[in-house]
Amino acid sequence: MLKKLRMGQIMDSLWLILIVGALGGFLLSQVGLSCITALKGSKPLGAEDELSEKVGTYVTLEVKYPVDEYMETQTTRKVNGVSTGTKKSRSSWLVLDDERGVCLSIEVPNKRYDEILDQSDEFWDAYETGANLPTSGITVSGSLEILEGEDLGYFESALDYYMGDYSEPVVYHISDGRIHGESLTNIYGLTAIGSVLALFALFILVKTLKNSAKKLTQEYLAANPGVTMEALENDFAAAKEQAKVFVGRKWTFCAKLSKLILDNSQIIWVHTGSMRSGRSVNFYVWWEMLDGSTQEISLSSEKKCLSVMDAYTQFPHILTGNSSEYAYLLKNDRQQLLSLKYQNQSTEL
């Protein structure tokens, strides 16, 4: 008995643990390391640092000489699948790095566009008038990457326009507020969601292990000193199974039940129903108990629920069926409900 119920508990929770745990693990695997990197903070990119050795690291750079914007990134907003227009989201710039004598690609969010534009104006004003070049600039932080693909083509076009035949063998890129292409907001958000899902999966596992079939059975025996383990075992062995619900002569056993074991002599009404959750429908079996409590389980189909309910038609003291009259009496006149069958039947369970 315990072995079968224990396996039922595990299987009932296993699919949820696997799905939730896998989803949480996937999210953490995507951004987990980036989150750790973000929490550690960025490191200043000093003049003595070799760029090739810093690729992939989270760095901070002071941008003093933005030459020009070479590319802008736009996003399209949609409402109910219909575009409401495009909006500039990020701006990519060709930047001189005087300390290393190279040109870098720096990308900033649109909210910082005015900052980098003012810095660019300050640089060009000083350059064209022969004044001292700016000694300070705006600070950007992000992972140092190698620029590739279509973005590299736009960068090289701008480089060719300003520098002529000069070219960079490798173009290094920093996207402000991003680590490996993901924004800090997404990194923290996805990490939080992934952590919650992983913890929820762990919670379900711990709860399943904590409320084991053996523990619940021992609790039932302790609360009912007149019942022996042998009696439970014998009744379970002779029970009829319907959709993993074992209906014995004296007890009902089911791994899905929060109490695992129900005393059939305390059941007054068994009924079924369904509840919609979003686009899905959940099917239920409910046991109304003499003490006023309601026990329930969820099954995969209405047919299975009905088969469980029908197993109780053999008991003369138990009402079965989805009667609106029974529901009304349960809520408004329990004594009248009990008089329909329970109080007028002599049961030897």
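Between the side chains of Y312 and W287, at least one donor N or O lies within less than 3.5 Å of an accepting N or O. Side-chain contact check for E145 and S143: at least one donor-acceptor pair (N or O, by modelled atom type) lies under 3.5 Å. Between the side chains of T272 and N322, a donor-acceptor pair is found at a separation under 3.5 Å. Using modelled atom types, one finds no donor on one side chain facing an acceptor on the other under 3.5 Å when comparing S52 with Y172. Donor-acceptor pairing under 3.5 Å is recorded for the side chains of K304 and S300. Side chains of E296 and W286: a donor-acceptor N/O pair is present below 3.5 angstrom, by distance only. Side chains of E288 and H271: a donor-acceptor N/O pair is present below 3.5 angstrom, by distance only.
The same ILVMFWY cluster, assembled from side-chain heavy atoms under 4.5 Å apart, contains both W124 and Y161. Taken together through direct or relayed side-chain contacts under 4.5 Å among Ile, Leu, Val, Met, Phe, Trp and Tyr, F315 and L262 form part of one hydrophobic cluster. There is a path of hydrophobic side-chain contacts, each under 4.5 Å, that joins Y154 to L96. Neither V102 nor L147 shares a network with the other; the hydrophobic side chains, linked directly or stepwise wherever heavy atoms of I, L, V, M, F, W or Y lie under 4.5 Å apart, form separate groups for each. Hydrophobic clustering keeps I146 apart from I179 (ILVMFWY residues linked when any side-chain heavy atoms are closer than 4.5 Å, directly or through intermediates).
In this structure, the side chain of D160 does not engage the main chain of E156 through any donor-acceptor pair within 3.5 Å. Side chain of Q314 to main chain of A311: a donor-acceptor pair is present (N/O by atom type, distance under 3.5 Å, no hydrogens or angles). In this structure a side-chain-to-backbone donor-acceptor pair under 3.5 Å is present from R334 to L290. Judged purely by atom type and a 3.5 angstrom limit, Q119 uses its side chain to pair as donor or acceptor with the backbone of S136. Checking side-chain atoms of N224 against main-chain N and O of Y220 turns up a donor-acceptor pair under 3.5 Å. A side-chain donor-acceptor contact under 3.5 Å links N332 to the backbone of Y328. Between the side chain of H317 and the main chain of N264, a donor-acceptor pair closer than 3.5 Å is present. S157 places a side-chain N or O within 3.5 Å of a backbone atom of G153 that can act as its donor or acceptor partner. Side-chain atoms of D291 come within 3.5 Å of backbone N or O of S293 as a donor-acceptor pair. Using modelled atom types, no side-chain atom of S141 and backbone atom of D176 make a donor-acceptor pair closer than 3.5 Å.
Across all non-hydrogen atoms, the minimal contact from D49 to P44 is OD2-O, 3.6 Å. Across all non-hydrogen atoms, the minimal contact from V95 to P66 is CG2-CA, 4.0 Å. Heavy-atom minimum distance, S91 versus Y113: OG-CD1, 3.7 Å. Closest non-hydrogen pair, C103 versus L94, comes out as CB-CD1, 3.7 Å. Of all the heavy atoms in Y342 and S265, the pair that sits closest is OH-O, 2.6 Å. Taking all atoms of both residues into account, the shortest heavy-atom contact from D235 to G248 is OD2-CA, 3.5 Å.
Taking the centre and axis of the six-membered ring of Y58, the NZ or CZ atom of K43 falls outside the cone set by 45° and 6.0 Å.
At least one side-chain heavy atom of E107 sits less than 4.5 Å from a side-chain heavy atom of T73. Within the 4.5 Å cutoff, no side-chain heavy atoms of V247 are placed close to those of Q242. Side-chain contact between L51 and L104: present, with at least one pair of heavy atoms (C-beta onward) separated by less than 4.5 Å. For the pair V108 and V140, the minimum side-chain heavy-atom distance is below 4.5 Å. Using a 4.5 Å heavy-atom cutoff, the side chains of M71 and D151 are in contact. Residues V245 and I297 are in side-chain contact: their nearest non-hydrogen atoms beyond the backbone lie under 4.5 Å apart. Side-chain contact between T313 and I318: absent, with no pair of heavy atoms (C-beta onward) separated by less than 4.5 Å. Between F253 and L260, every side-chain heavy-atom pair lies at or beyond the 4.5 Å cut-off.
Under a cut-off of 6.0 angstrom, the local environment of CG in N132 is sparse, with at most 12 non-hydrogen atoms contributed by other residues, nucleotides or ligands. At most 12 heavy atoms of other shown residues, nucleotides or ligands fall within 6.0 angstrom of atom NZ in K259. Environment of CD in E128: crowded, with over 12 heavy atoms of neighbouring residues, nucleotides or ligands closer than 6.0 Å. Counting non-hydrogen atoms of other residues, nucleotides and ligands closer than 6.0 Å to CD of E302 gives a total of 12 or fewer.
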- Item | salt bridge (Lys or Arg N to Asp or Glu O under 4.0 Å) evaluation trace for E69 with K88 | CA-CA 13 Å; E69 180 185 26; K88 183 176 179 178; 3.0 Å; yes
- Full working for side-chain contact (heavy atoms from CB on, under 4.5 Å) between E62 and L45: CA-CA 8 Å; E62 186 177 22; L45 190 61; over 6 Å; no
- Query: Can you check side-chain contact (heavy atoms from CB on, under 4.5 Å) on L319 and I268, steps first, answer last?
  - Reply: CA-CA 6 Å; L319 296 167; I268 61 175; 6.0 Å; no
- Item | Residues I174, V59; criterion side-chain contact (heavy atoms from CB on, under 4.5 Å); working and verdict | CA-CA 8 Å; I174 298 175; V59 298; 3.8 Å; yes
- side-chain contact (heavy atoms from CB on, under 4.5 Å) assessment of L232 paired with L221: CA-CA 9 Å; L232 292 176; L221 292 173; 3.7 Å; yes
- Task: List the steps and the verdict of side-chain hydrogen bond (donor to acceptor under 3.5 Å, both in side chains) for D310 and T320.
- Result: CA-CA 7 Å; D310 290 343; T320 59; 5.9 Å; no
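Between F236 and F246, the ring planes are tilted. Angles from 30° to 60° get that label.
The structure places CG of L117 at 9.5 Å from CG of D68, a figure rounded to the nearest 0.5 Å. For the atom pair I261 CD1 and E219 CD, the distance stands at 10.0 Å (nearest 0.5 Å). Separating the CH2 atom in W269 from the OG1 atom in T294 is a distance of 9.0 Å, to the nearest 0.5 Å. From S120, atom OG reaches atom CD of E122 across 10.0 Å, with rounding to the nearest 0.5 Å. Here the straight-line distance linking atom OG of S175 with atom CG of L144 works out to 11.5 Å at 0.5 Å rounding. Rounded to the nearest 0.5 Å, atoms CG (D97) and NZ (K64) are 9.0 Å apart.
Less than 6.0 angstrom separates the ring centroid of Y70 from the ring centroid of F155.
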